[in-house]
There are 2 protein chains.
Amino acid sequence: MTTVRGARARARVEITAAIKAEARTQLAAEGAAKLSLRAVARELGMVSSALYRYFPSRDDLLTALIVDAYDAVGAAAEGAATETAGRRPLDRWTAVCRAVRAWAVEHPHEYALIYGSPVPGYTAPQDTNAPAARVGLVLVGIAREAHEGEGIALPPLPDPLRPEAVRITADMAPDLPPALVVALVAAWSQLFGLVSFEVFGQFHRLVEDRDVFFTHAARRLGQDVGLLPRG
Amino acid sequence: MTTVRGARARARVEITAAIKAEARTQLAAEGAAKLSLRAVARELGMVSSALYRYFPSRDDLLTALIVDAYDAVGAAAEGAATETAGRRPLDRWTAVCRAVRAWAVEHPHEYALIYGSPVPGYTAPQDTNAPAARVGLVLVGIAREAHEGEGIALPPLPDPLRPEAVRITADMAPDLPPALVVALVAAWSQLFGLVSFEVFGQFHRLVEDRDVFFTHAARRLGQDVGLLPRG
DNA sequence: CTCATGCAAGAGCAGTGCTCTCGTTTCAGG
DNA sequence: CCTGAAACGAGAGCACTGCTCTTGCATGAG
């Protein structure tokens with residue numbers, strides 16, 4: 001049963017949540033590298049070994065935070081998409097990009113956890129895959145809507161490399177033309193290039209008005225996948 | 001004097017180089033987070049405290065590696081630019097992007113060091129600025145050449161956000177039109193979005209032929225800054 | 001030749017992730 | 001209701017980390 005079976009089970013979920021909350025606080029304050037199991041336990045009034053009853057290792061605690069971060073940025077993107085339902089696809093695209101950026105700027109350490117360097121020997125377990133895909137799926141959804149409504153026009157590609165030659169996993173969006181899927185994957189990664197450079201400080205003393213810059217770049221990204229500027 | 005003043009000075013530069021070499025080996029093997037001063041010293045047959053004669057702290061050793069990494073990827077980009085001198089700007093652009101990607105794929109941990117999450121409380125000192133700018137300057141140079149030769153055409157921007165409204169530090173490329181500078185900065189960061197997603201594994205089980213995909217995306221990036229497909 | 005300086009070694013401090021043991025508390029099956 | 005298994009918190013301990021300080025030795029400049 002997944003229902004609460006008693007005081008013990010209730011305490012377990014509460015303590016697990018408290019550990020994650022305190023870990024997230026330390027993460028936001030100092031970054032992932034300085035997240036210390038002992039410090040978390042100390043702050044919670046426990047002893048470090050007691051924490052291993054809830055998370056088998058430090059990496060497992062990090063994994064939980066990673067999943068939460070993916071879910072948070074995914075929820076931000078989905079929220080922006082639903083709030084702009086019915087508007088022009090290019091405006092929706094831009095709104096979603098801006099929501100991702102806003103979340104990243106507000107939670108730089110959590111952003112770094114999921115879109116920065118992978119932690120040392122750590123390989124992401126399978127259960128991070130679904131949360132990690134949420135932002136991408138939102139973008140695909142907007143493009144699909146535009147495509148079905150004929151509100152999309154991929155610019156001609158005078159390119160020796162036909163996009164059909166780029167093999168993308170088919171089950172991602174089998175209903176969309178390959179050229180659009182390729183453009184979407186590229187735009188998706190390029191979006192996080194823009195966000196990462198801002199969050200990681202590469203725009204320091206280079207881009208003054210980062211909000212305006214990002215909005216402009218995100219809009220052009222939407223045009224790159226064929227979203228039309230006028231509905 | 002910068003010349004060698006004696007056996008002592010010679011030994012100093014040799015040992016400094018040996019430390020950096022061993023540190024780079026460990027960096028490539030395990031990643032930045034697992035780089036241990038004691039392990040480096042152990043491997044070199046010294047005791048850990050002796051290492052502090054050469055690097056005041058672990059972060060200073062990391063800084064040295066960061067500068068080296070920026071220089072390495074910058075040199076790769078510059079090499080690709082000089083090797084393709086005289087060819088069409090769009091081809092040169094693509095070649096430079098491919099050189100950056102190739103270096104990143106070959107040195108993932110060093111790439112993560114400079115384009116991944118910033119390390120914990122660490123703020124990059126001033127002497128990393130110049131090496132960090134090299135790749136961007138190569139891209140600017142190619143765009144400038146195309147612009148001077150009239151081989152550039154920024155597509156019309158039916159965009160409510162005029163690029164002139166995006167303030168970019170003026171002394172970056174004062175001779176180029178603002179719209180081009182904005183497009184260049186965006187393309188620069190988007191290039192590293194493509195590379196980071198590949199190196200950090202976000203394309204896992206998604207993009208099959210990553211070399212073809214990257215070349216295609218890099219070429220479109222070049223077109224985004226106005227480089228013409230036909231010379 | 002002398003002596004300040006550069007240097008390696010070692011001990012030591014405070015901190016880390018993690019394991020193991022040892023009493024105690026809780027909860028479920030008989 | 002009772003009992004035994006499971007879950008739990010506390011503590012000691014291991015091997016490791018970055019870093020500091022002191023001690024003695026070798027180098028090389030004056």
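Protein chains get the first letters and strands the later ones, always in sequence-line order, with residue 1 at the start of each. What you see below is based on every heavy atom in this structure, not just the backbone, and it leaves out hydrogens, waters and symmetry mates.
- Using the six-membered ring where Trp is involved, B:Tyr111 and B:Phe192 have ring planes that are parallel, under 30° apart on the 30 and 60° scheme.
- Between the side chains of B:Arg98 and B:Thr215, a donor-acceptor pair is found at a separation under 3.5 Å.
- Between C:dG17, C:dA8, D:dG9, one nucleotide has an atom nearer to the side chain of B:Arg53 than all others, and that is C:dA8.
- The nearest whole Å value for the distance from the CD atom in A:Glu30 to the P atom in C:dT16 is 12 Å.
- B:Leu44 comes within contact range of no nucleotide atom at all, as no heavy-atom separation falls under 4.0 Å.
- Side-chain atoms of A:Arg38 and base atoms of C:dG15 include no donor and acceptor less than 3.5 Å apart.
- Rounding to whole angstrom units, CZ of residue A:Arg12 and P of C:dC27 are separated by 13 Å.
- Among the protein residues, A:Tyr54 comes within range of the sugar-phosphate backbone only, with heavy atoms under 4.0 Å from sugar or phosphate atoms but none that close to a base.
- Between the NZ atom of B:Lys34 and the C1' atom of C:dT16 there is a distance of 13 Å, given to the nearest Å.
- Residue B:Leu62 contributes atom CG, which lies 10 Å from atom P of D:dG18 at whole-angstrom precision.
- Ring planes of A:Trp188 and B:Phe203: tilted class, angle from 30 to 60°.
- Looking at heavy-atom distances under 4.0 Å, B:Ser57 makes contact with sugar-phosphate atoms alone, never a base.
- Using modelled atom types and a 3.5 Å distance limit, the side chains of B:Ser57 and B:Asp60 yield a donor-acceptor pair.
- Taking only distance into account, the side chain of B:Ser49 never meets the base of C:dA8 through a donor-acceptor pair shorter than 3.5 Å.
- Put simply, CE on B:Met46 is 14 Å from P on D:dG18, counting in whole angstrom units.
- Atom OH of A:Tyr52 is separated from atom C1' of D:dA7 by 18 Å (rounded to the nearest Å).
- Nucleic acid contact class of B:Leu61 (heavy atoms, under 4.0 Å, all strands): none.
- Side-chain proximity of A:Leu37 to C:dT16, C:dC18, D:dG18: nearest is C:dC18.
- Using a 4.5 Å heavy-atom threshold, the side chains of B:Pro131 and B:Val67 count as touching.
- In this structure, B:Glu14 atom CD and C:dC7 atom P are separated by 13 Å, rounded to whole Å.
- Residue A:Leu35 is in sugar-phosphate contact alone, with no base atom involved, counting any heavy-atom pair closer than 4.0 Å across all strands shown.
- Nearest to the side-chain atoms of B:Arg58 among the listed nucleotides C:dA9, D:dC19, D:dT17 stands D:dC19.
- Taking only side-chain atoms of A:Ser36, from C-beta outward, the nucleotide of C:dG17, D:dG9, C:dC18 with the closest atom is C:dG17.
- When rounded to the nearest whole Å, the span between CG of B:Leu51 and P of C:dA8 equals 9 Å.
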